[in-house]
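Beneath this line is the structure, given in structure tokens, with notes to follow.
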Amino acid sequence: MKKTAVVGMSGGVDSSVAAYLLKQQGYNVIGLYMLNWEETDSRGACSADADFADVQRVCALLDIPYYSVNFAKQYTERVFSYFLAEYKAGRTPNPDVLCNREIKFGPFRDYALSMGADFVATGHYCGIEHTSDGRHLLLKAADAGKDQTYFLNQVRESQLENVLFPLAEIPKPEVRKIAVQNGLATAGKKDSTGICFIGERNFRKFLQGYLPAQPGKIVTADGETVGEHIGLMYYTIGQRRGLDLGGRRGEDGRWFVVRKDLQNNILYVSHGDESPLYSEACIVSGLNWIGHMPATSFKCTAKFRYRQSEQSVSVKLKGDTARVEFDESQRAVTEGQYAVFYSGRQCIGGGVIEKVVY
RNA sequence: UGGGGUGUCGCCAAGCGGUAAGGCACGGGAUUUUGAUUCCCGCAUUCGUAGGUUCGAAUCCUGCCACCCCAG
């Protein structure tokens, strides 16, 4: 009896190839497209329509049925509201991390299972191991450059039951090749970037549509006012562009955002000297562990933002939070982002960076 | 309105008679399922202004203007 796998299809190459591979492997495959953000562009067109059209083309070619679901309401309530609240609080949120826990491996997975699926699959670059004793381990993708476990660190282990990640062992170039060789309509599509489901767009203009901007002073550590910012939420720690600050007499170097003072609406910057950006530890909350019950104190590797290599750290659990000490000081660790822990090829979980210790 | 100094891209800043370095900012692109970082490309026919000397000046001379400092 063939097992049924419902594949979350975005209209991109990755999920298209994931569907193709499952079909090859003998699954009874169903494509499920998900709409989470309803917005039309200036010309009244909706890029989501084009994406769904691609899903239709790919599914037609693979000769598999396809459906579409709308979780826009859930997305707004569970992800976007958090996104705005975090910015309002002066932090730098990572909506895509929550999108996975709250939507893709939440309502979406439930919906897929309700369709009679034995398995739910996505085009994520990561691996999974369902152990004989009933655990579900999240593994890094073979293609280290594309690994997306960072975005899955908040997914509950129970949400990984019945999940398949067909791209676990396949390098991105190979994925593209498979798409081309099989004539998938999405073969030449550019990798999507930007907030998942919302897409690439002018970040400032986008936020302006939701949160009022409050201009204020840009100040150095010495207390010297050197410029004006357009609203604290538009800046993140370690940022250099967009400050509109030029050179100074007798010094050279670039300006970096070092701190935000929400109370007084002040943006603190440093010129040339990046040492204020380096920290020694951070406090993490909202801990989630996957396939791993940690000891109260242990060593492992960790990432503090998506595009970063793993760093050696010591973790000390304390109630609901953890103190993560860095073997080497880290640049621009930012509140609101996630600290994600790894042990070998396993992603063992993560949590929100609540406070940075300098 | 005595003396001295300075005026080169939005901000710093080279240049010192031979036909406008560089950095920052900014713009564009690459990378990227957050926001950043990083990387690449672009960015003064013109040197406060008006004349003069010269084959040729941002560079020399003169007037004017502006700003700064010291004296009054």
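Chain naming here is simple, since letters A, B, ... match the order of the sequence lines and numbering starts at 1 in each. Predicted, not measured: the structure shown is a model, and the values here were computed from it.
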Taking OP1 and OP2 of [N], is either one under 4.0 Å from a side-chain nitrogen or oxygen of [X]?
X        : N     : value
A:Arg91  : B:A36 : no
A:Arg248 : B:C12 : no
A:Lys146 : B:U33 : yes
A:Tyr306 : B:G35 : no

Between [N] ([atom2]) and [X] ([atom1]): distance, integer Å:
X        : N     : atom1 : atom2 : result
A:Trp255 : B:C26 : CH2   : C1'   : 16 Å
A:Glu102 : B:U34 : CD    : P     : 19 Å
A:Phe83  : B:A36 : CZ    : P     : 10 Å
A:Leu245 : B:G23 : CG    : P     : 18 Å
A:Arg241 : B:C26 : CZ    : C1'   : 8 Å
A:Tyr75  : B:U34 : OH    : P     : 11 Å

So [X], base contact, sugar-phosphate only, or nothing? Heavy-atom distance under 4.0 Å.
X        : value
A:His124 : base
A:Arg240 : sugar-phosphate
A:Gln308 : nothing
A:Gly242 : sugar-phosphate
A:Arg307 : base
A:Gly336 : nothing
A:Ser10  : nothing
A:Tyr87  : sugar-phosphate

message = Between A:Asp320 and A:Ser285 (side chain of the first, backbone of the second, donor and acceptor by atom type, cut-off under 3.5 Å), is there such a pair?
response =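 Pair absent, no side-chain N/O of A:Asp320 close to backbone of A:Ser285.
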query = Is a donor-acceptor contact shorter than 3.5 angstrom present between the side chain of A:Thr92 and the base of B:G35?
reply =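 No pair found.
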ask   = Is a donor-acceptor contact shorter than 3.5 angstrom present between the side chain of A:Gln239 and the base of B:U37?
value =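 A donor-acceptor contact between them is absent.
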ask   = How close do A:Leu21 and A:Ile178 get, heavy atom to heavy atom, and via which atoms?
value =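 Closest approach of A:Leu21 to A:Ile178, heavy atoms only: CD2-CD1, 4.3 Å.
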Closest non-hydrogen atom pair between A:Asp261 and A:Gln263, with its separation =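 Smallest interatomic distance, heavy atoms only, reads OD1-N, 3.1 Å.
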query = Does A:Tyr235 have A:Arg204 sitting over its ring (NZ/CZ under 6.0 Å from centre, angle to axis within 45°)?
reply =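 Positive - A:Arg204 is close enough to the ring of A:Tyr235 and near enough to its axis.
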key: Whether over 12 other heavy atoms sit under 6.0 Å from A:Lys23 NZ   =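 Yes, NZ of A:Lys23 has more than 12 neighbouring heavy atoms, counting only those of other groups under 6.0 Å.
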